[in-house]
Amino acid sequence: MKTRAELKTAAKNQLRGNWGIAIGALIVYALIVAVSSFISWLIAPPMFIGLLLVYMGIVNKGGADFADLFKGFNILGKAVWLQIITAFFVFLWSLLFVIPGIIKALSYSMAPYILAENPGMTARQALRESKRIMKGNIGRLFVLILSFIGWVILCGLTFGILYLYVAPYYQATLVNFYNDVKGSQPAAA
């Protein structure tokens with residue numbers, strides 16, 4: 001077995017004459033990873049809003065148009081900003097301890113639904129409205145999410161195939177929860 005010093009010496013010798021390609025490859029890799037991460041931060045939030053619009057159409061109207069999936073791009077900036085400020089606030093609350101972070105994540109969880117339904121709102125308004133309608137409902141949502149644990153385990157046992165059933169079931173359930181909590185809270189003054 002080689003010692004740590006021998007391994008390091010071998011690496012230095014192997015890199016001799018290959019530093020250009022080694023560094024160049026590292027830079028290209030880092031750029032691709034950074035760009036793809038940045039692109040996913042731009043694409044995922046409006047796609048999620050669109051996905052919610054599809055499920056809202058299914059739950060509220062009995063059907064949806066596949067084109068609804070892309071309507072979140074009409075409010076791209078708001079969707080991305082909502083994702084950023086939600087993550088930031090949950091992170092700050094998590095610094096206090098894990099539990100406050102979880103509570104705030106649940107408190108803010110209806111903001112994407114609110115923004116999907118009210119595209120004229122700002123991201124901050126959707127966040128505030130989510131906090132308002134979730135007062136007294138955080139525990140209900142937590143228990144509702146926990147009720148899907150068995151399904152999640154079964155998804156893993158079926159190598160994700162069952163996810164094709166569970167994910168729509170879960171999302172439709174959350175739309176129903178959203179409809180329930182928004183209707184049960186008095187309007188803001």
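A salt bridge does not link Glu129 to Lys182: none of the charged side-chain nitrogens sits closer than 4.0 Å to a carboxylate oxygen.
Taking every heavy atom of both residues into account, Trp81 and Ala123 meet most closely at CD1-CB, 3.6 Å. Closest heavy-atom contact between Ser40 and Pro45: O-CD, 3.8 Å. Of all non-hydrogen atoms in Gly101 and Ser94, the two that sit nearest each other are CA-OG, 3.3 Å. Minimum heavy-atom separation, Ala87 to Trp41: CB-CH2, 4.5 Å.
Two residues are said to be in side-chain contact when any heavy atoms from C-beta on lie closer than 4.5 Å; Leu174 and Tyr178 fail this criterion. Put simply, the side chain of Phe177 reaches to within 4.5 Å of the side chain of Met110, judged on heavy atoms. Between Leu82 and Pro112, the closest side-chain pair of non-hydrogen atoms falls below 4.5 Å. When side chains are defined from C-beta on, Leu52 counts as touching Gln171, because their heavy atoms get closer than 4.5 Å. Using a 4.5 Å heavy-atom threshold, the side chains of Leu92 and Lys104 count as separate.
Note that the CD1 atom of Ile103 and the CD1 atom of Ile138 stand 6.5 Å from one another [nearest 0.5 Å]. Residue Ser107 holds its OG atom at 13.5 Å from CD1 of Ile102, rounded to the nearest 0.5 Å. If you take CG on Leu53 and CE on Met47, they are separated by 11.5 Å, rounding to the nearest 0.5 Å. Of the inter-residue distances, the one linking Leu95 atom CG with Phe91 atom CZ reads 4.0 Å to the nearest 0.5 angstrom. Atom NZ in Lys12 sits 12.0 Å away from atom CG in Leu7 (nearest 0.5 Å). Distance CD1/Ile43 to CG/Leu76: 9.0 Å, rounded to 0.5 Å.
In this structure, Ile39 is not a member of the same hydrophobic cluster as Ile32, with clusters built from ILVMFWY side-chain heavy atoms closer than 4.5 Å.
With hydrogens and angles disregarded, a donor-acceptor distance shorter than 3.5 Å links the side chain of Glu6 to the backbone of Thr3. Distance alone, capped at 3.5 Å, is enough to place a donor-acceptor pair between the Lys78 side chain and the Met121 backbone. The closest donor-acceptor contact from the side chain of Ser109 to the backbone of Leu106 lies under 3.5 Å.
Judged as a side-chain contact (heavy atoms from CB on, under 4.5 Å), and not counting sequence neighbours, the contacts of Pro100 are Trp93, Leu96, Phe97. Applying the side-chain contact (heavy atoms from CB on, under 4.5 Å) rule to Ala44 yields no partners; only residues at least two apart in sequence or on another chain are considered. Residues passing the side-chain contact (heavy atoms from CB on, under 4.5 Å) test with Thr122, sequence neighbours excluded: Arg124, Gln125.
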Run the side-chain donor-acceptor check on residues 14-27: report pairs under 3.5 Å with partners two or more places apart or on a different chain.
| residue | atom | partner | partner atom | Å |
| --- | --- | --- | --- | --- |
| Arg16 | NH1 | Asn13 | OD1 | 3.1 |
| Arg16 | NH2 | Asn13 | OD1 | 3.1 |
| Asn18 | ND2 | Gln14 | O | 3.0 |

Show me the donor-acceptor pairs, under 3.5 Å and distance only, between side chains in residues 142-167 and residues at least two apart or in other chains.
| residue | atom | partner | partner atom | Å |
| --- | --- | --- | --- | --- |
| Ser147 | OG | Leu144 | O | 2.5 |
| Thr158 | OG1 | Leu154 | O | 3.1 |
| Thr158 | OG1 | Cys155 | O | 3.1 |
| Thr158 | OG1 | Leu162 | N | 3.1 |

Atom pairs and distances, donor-acceptor, side-chain atoms in residues 60-73, under 3.5 Å, two or more places apart:
| residue | atom | partner | partner atom | Å |
| --- | --- | --- | --- | --- |
| Asn60 | OD1 | Asn179 | ND2 | 2.6 |
| Asn60 | ND2 | Met56 | O | 3.3 |
| Asp65 | OD1 | Ala67 | N | 3.4 |
| Asp68 | OD1 | Lys71 | NZ | 3.0 |
| Asp68 | OD2 | Asp65 | N | 3.4 |

